[in-house]
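Counting starts at 1 for both ligands and their atoms, in listed order.
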Amino acid sequence: MKTSSEKTKSQIKPESEKYSMESCSNEDLEEEPPGKHTILGDPEDKPPGITKKTRYKFFRDVPSEIWNDWKWQFRNRITHVGQLDQVIPLSAEDKTQLKLVAMRYPLSVTPYYLSLINLDDPDDPIRKQAIPSTMEMTMGLMGVEDPLCEKKDTVVPGLVHRYPDRVLLVLTDICPVLCRHCTRKREWRKGGWVRSPAEIEAMLAYISQNKTVRDVIISGGDPLTLSTKHLDSIISRIRAIRHVEIIRIGTRCPVVLPQRIDDELCSMLTKYDPIWLNTHFNHVREITPEAAEACDRLLRSGVPVNNQSVLLRGINNSVEAQTELCHGLLKIKVRPYYLFQCDQVQGTEHLRTPVEVGIKIIEGMRGHTSGLAIPTFVIDLPQGGGKVPLQPEYILAQSEEELVLRNYEGRIFRYRNPAKPVCHELSAGVLCQDVGALVNLPQESPVPVRVRRSPK
Ligand code: SF4
């Protein structure tokens, strides 16, 4: 969270320009945009339902080479309800209400992502993620602005240090699509900032001085809204810090702006191996040929791709929806990593599900598909408590000698519990070894060892 003096240092736009078509600074986009195309809504057309047909309906004058240019996609985001109305017909009342919602929680969606919406379906899962809902306001008092208390763990502006060995680097609050379930919704009204050079220097200095930091997560907003050149300059500095082992990038670009994963970006990332990338698919319909190609380009460049989805009411809150999503991800070699309980953020209550839903989904998947396809269901605890994994209960009873377990079919099994281990208590901790197979410590071990047989 930034103070008012910090705001002046950042590239904050005047109110009228917030999240406008031009909200990416010229410094970050080195080329001029090819020009904004009019959205040509034709009421005579049938709703398309698939990408290319939709693309040609609303952006039919856009040549492919322009459509596939991420900077064009970015600059031509739909950011006003009036523009949206040309694509998705809205009643006068809807328009008035959505304008009010967008004043508090702005709207931004790329032409590409918009084109995935099936206009025939009012419950379309892409639509629910990208298009404002009046429920963001009517249920707006529930939840808090910063449920994870990132402000509390912010050590210098933009750098969150919560866990001992890793830090989160928040480079910008700009995203190609403003997801209606976003945990950082509170940042949207600040109007599109990018960290200043001085702020970046302060973040790098902190990482250099803190030798416990072995993992740096570059996030936002979406850091891939910055130019490749700018990212290169930051990542090269992080990579030069000897104690930093891995760099992770958190981005939704493969899903909402796959054009961004171009050869230039991939070549740059390859230089700083090992780099991991976490993305955010929530529904199988987001796994388009374009998205699959983007992930493939990353994988071929040596960048592993993991998925962190959010459990969302009416979007992916069923065993079927999650199974389809995770199977689709495995097909494009993206690992389903986390399934997050939707955070208790103001303006997202209508999309949140009871915690039991997530546990039931994991239970419904376990045994019916490979463990590789099952993400870890987690709650990110409020007040910065960190992530807690939640699992269905498979242990029905437990004693020192035996466990009673149920399997995925509900069948009950007894399992003999091996005898408790012998512990070799070391001054620096406890090392355990099974009874009857005593540990072979190196003779020159400087640590005095006391062996204790645990009681039967
Ligand atoms: S891409 Fe991530 S940070 Fe950006 S709006 Fe969506 S959820 Fe929020």
Task: Reported CD1-to-CZ distance for the pair Ile207 and Arg237, which is rounded to 0.5 angstrom - done: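 The distance works out to 10.0 Å.
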
Open item on the list: For Trp188 and Tyr105, take the angle between the two ring planes, folded into 0 to 90°, and tell me which bin it lands in: parallel under 30, tilted 30 to 60, perpendicular over 60.
Closed with: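 Taking Tyr105 first and then Trp188, their aromatic rings stand perpendicular (interplane angle over 60°).
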
Open item on the list: Are His181 and His280 an aromatic pair, judged by ring center distance below 6.0 Å?
Closed with: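 Ring centres of His181 and His280 closer than 6.0 Å.
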
Open item on the list: Taking 4.0 angstrom as the limit and counting only heavy atoms of Val177, give me the atoms of ligand 1 inside it, by number and element.
Closed with: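 Numbered from 1, ligand 1 contributes 5 (S), 6 (Fe).
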
Task: Where ligand 1 meets Cys179 - atom numbers and elements under 4.0 angstrom, heavy-atom basis - done: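 Per the distance check, 1 (S), 5 (S), 6 (Fe), 7 (S).
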
Task: Side-chain ion pair, Arg300 and Asp296, N-O less than 4.0 Å - done: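 Salt bridge flag = yes for Asp296 with Arg300.
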
Task: 2.8 Å cut-off met by an N, O or S atom of Cys182 to atom 8 (Fe) of ligand 1 - done: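 An N, O or S atom of Cys182 is closer than 2.8 Å to atom 8 (Fe) of ligand 1, so yes.
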
TODO: Specify the protein heavy atom at minimum distance from atom 1 (S) of ligand 1: its residue, its atom name, and the distance to 0.1 Å.
DONE: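 For this ligand atom, the closest protein heavy atom is Arg252 CB, 3.6 Å.
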
Task: Cys175, portion touching ligand 1 at heavy-atom distance under 4.0 Å - done: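 The part of Cys175 near ligand 1 is the side chain, not the backbone.
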
TODO: Could you give me the CA-CA distance, side-chain angles and deciding distance for Asn282 and Gln129, then say whether side-chain hydrogen bond (donor to acceptor under 3.5 Å, both in side chains) is met?
DONE: CA-CA 9 Å; Asn282 283 330; Gln129 292 183 65; 3.0 Å; yes

Open item on the list: Any protein heavy-atom neighbour for atom 5 (S) of ligand 1 (distance below 4.0 angstrom)?
Closed with: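 For atom 5 (S) of ligand 1 the answer is yes, since some protein heavy atom falls inside 4.0 Å.
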
